[in-house]
Amino acid sequence: MYVAVKGGERAIDAAHGMLDRARRGDPKVPEISLDQISEQLALSVDRVMTEGSVYDRELAALAIKQARGDLVEAIFLLRAYRATLPRLAVTKPIETGGGTVRRRISATFKDVPGGQVLGPTFDYTHRLLDFTLAAEGRAQVHPPDEATVSLDPTPRVADVLNQEGLIEAIPQGDEPDGDVTREPLRFPASRSVRLQNLARGDEGFLLAMGYSTQRGYGRNHPFAGEIRLCDVEVEIVPEELGFPVVIGEMTVTECEMVNQFKGSATVPPQFTRGYGLAFGESERKAMAMALVDRALRAEELDETVSAPAQDQEFVLYHSDSVEASGFVQHLKLPHYVDFQAELNLVRRMRGEAAE
Amino acid sequence: MMDGTSATAATTTGYNFAYLDEQTKRMIRRAILKAVAVPGYQVPFASREMPLPYGWGTGGIQVTASIIGQADVLKVIDQGADDTTNAVSIRKFFGRTTGVATTERTIEATIVQTRHRVPETKLRDDQIIVYQVPVPEPLRWLEPREAETRKMHALSEYGPMHVKLYEDIARYGRVTTAYDYPVMVDGRYLMRPSPIPKFDNPKLDMCPALQLFGAGREKRIYAVPPYTSVKSLDFEDHPFTIESWDEACAICGSTESFLDEVITDDKGGRMFVCSDTDYCGERRKESGDEPA
């Protein structure tokens, strides 16, 4: 008569077997390779690397394959792997003003030193399904044009404004940089901690938060001062050498928002900054991050904190997809003891109400 | 090896004993020591991403991983039972990453990791119980901001919680919290006992075992040292009470354990059985009514 769910262990093994088969799909269809994911689903790889906090295309591609293309699950896989890795060194700050620029646009000036470089962008494409892609093995891809990378020096747009004092200097905190992977969040959180949190934050969440500031919930009048996609060198300074050594190259997308600021009792009106940075080509993420970064600076700039995007605890505690996904989905776990306790309570209260 | 335990033959290679690296374990043990020194106080710690999702026991897993040794015997329960899927999964995880012996018998375990229950069998002073905690802050539903609640703890400003309980009594004639019922630890810190039914709250008081609480997603660890006072909040004229059943366990006949309700058909048929499967099984053995 006793029919409660038993045999959890066998059920789990069987479920994992099914998952393995589902992941592979129809065996008649050729298996996808990590190279194919890395090359042809490159933007998925970029997102997983960014939010997974590991710059490694191969591992990100593996995570995507294992997660059946579920990017949030892939991010989780990469994070869990990352958590076991030793911390060998801290790199020098990357220099996004140098490096090879593949895309660089400014919405604030018609022309800027170094020029506007569109690069590989979806912008200005017509979103019409290209049925020639459905027929596999399309022979021709577009041949490369002559100059695909800018060779001229491309100074930061904000630095141009800075020469006139029209924009604030890059805000420098007094505190040493935090590390969100080694210390729990404390409030108020320093800007370095906030930026780290946003960099790992879920793109969809940041997009909605950034969007909300544009719709009046913490409006901060943004202009896309500069968006750049560039390849930069990563350097460390080994203690025993005492000079920087290049350990690799990475591609990043950087966004610097220029925001209006009315000024305060102590500061005359000037433009302020919001900053976004992401691995690979992750422009939507970098832009949303810059909007939210600026919104979170409300307190420091003596602005009224009234909207969700300006609220540190609200944004920083809910931005992480690994945390959010886990906790939302934990509702699947059995809760029958708590439910039983509630059931008893409600029955007794209803019984009393009926008397 | 003791009777009833089982060793895991194959352990996962490429990872440290109990998954976490030793630096991380040391950091967690420091947090635990602080938590033991200040009973009921939530110690922030740098929780790691574990290969199991947040909300599925990552706090408890990290605590267990940082205290478990080769000689330990581990028991994992969820809803009081060893065979619920998540308990199986966590037990397997430690089997794979440590190879230590596991058991389903409370008396054999040196470490019991639990979600939502405290075993019916009384714990001893050579045992540690590790609770998985989803939301560590007892004041959270009254005040969403961490910066505020930390201040409230610092000032022992627990008035709002008493007001909440008072309002329950004024409106419903009773406190309408059935699980995760707030407790005062050592007369100082207000603490969430994790979502155990309030039926289990008295077991925390003066418990001989060390009680550790891990909240992974919220990055907090707290503790109740052995033989520490844990008092469920109440009023003189409305003393704390625990739930009771009119029925007895349909399997072992116990009238003293927490009972789960099992729906047996679609015509309102139901039966009640012990939520603690080990306790239920042991009682059947004693009465000679061995499970088939």
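So you know, we letter chains A, B, ... as the sequences are listed, proteins then strands, and number each from 1. Heavy atoms only: backbone and side chains are in, while hydrogens, waters and symmetry mates are out.
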Any sub-3.5 Å donor-acceptor pair from A/E313's side-chain atoms to B/A147's backbone N or O? yes
Could you check whether any side-chain N or O of B/E49 sits under 3.5 Å from a backbone N or O of A/Y81, counting only pairs where one atom can act as donor and the other as acceptor? no
State plainly whether the residues A/R347 and B/E243 are in salt-bridge range, i.e. N to O under 4.0 Å. no
Most heavy-atom pairs under 4.5 angstrom with chain B, which of A/F187, A/F339, A/Y317, A/F314? A/Y317
Heavy-atom pairs under 4.5 Å with chain A: which of B/E261, B/K219, B/R174 has the most? B/E261
Give a yes-or-no answer on whether the side chains of B/R115 and A/H335 include a donor-acceptor pair shorter than 3.5 Å. yes
Among residues at least two apart in sequence or on other chains, which ones pass side chain to side chain donor-acceptor pair (under 3.5 Å) with B/T255? none
Residue part contacting chain B, namely of A/L343, when any heavy atom lies under 4.5 Å: side chain
Inspect the contact between A/D13 and B/K92 and indicate whether a charged nitrogen and a carboxylate oxygen are less than 4.0 angstrom apart. yes
Below 4.5 Å, heavy-atom pairs only: which of B/K198, B/R150, B/R217 has the largest tally toward chain A? B/R217
B/T176 and A/L345, any side-chain heavy atoms less than 4.5 Å apart: yes
Any salt bridge linking B/R145 with A/D311? Criterion: basic side-chain nitrogen under 4.0 Å from a carboxylate oxygen. yes
Keeping A/Q340 on the side-chain end and B/D260 on the backbone end, is there a donor-acceptor pair under 3.5 Å? no
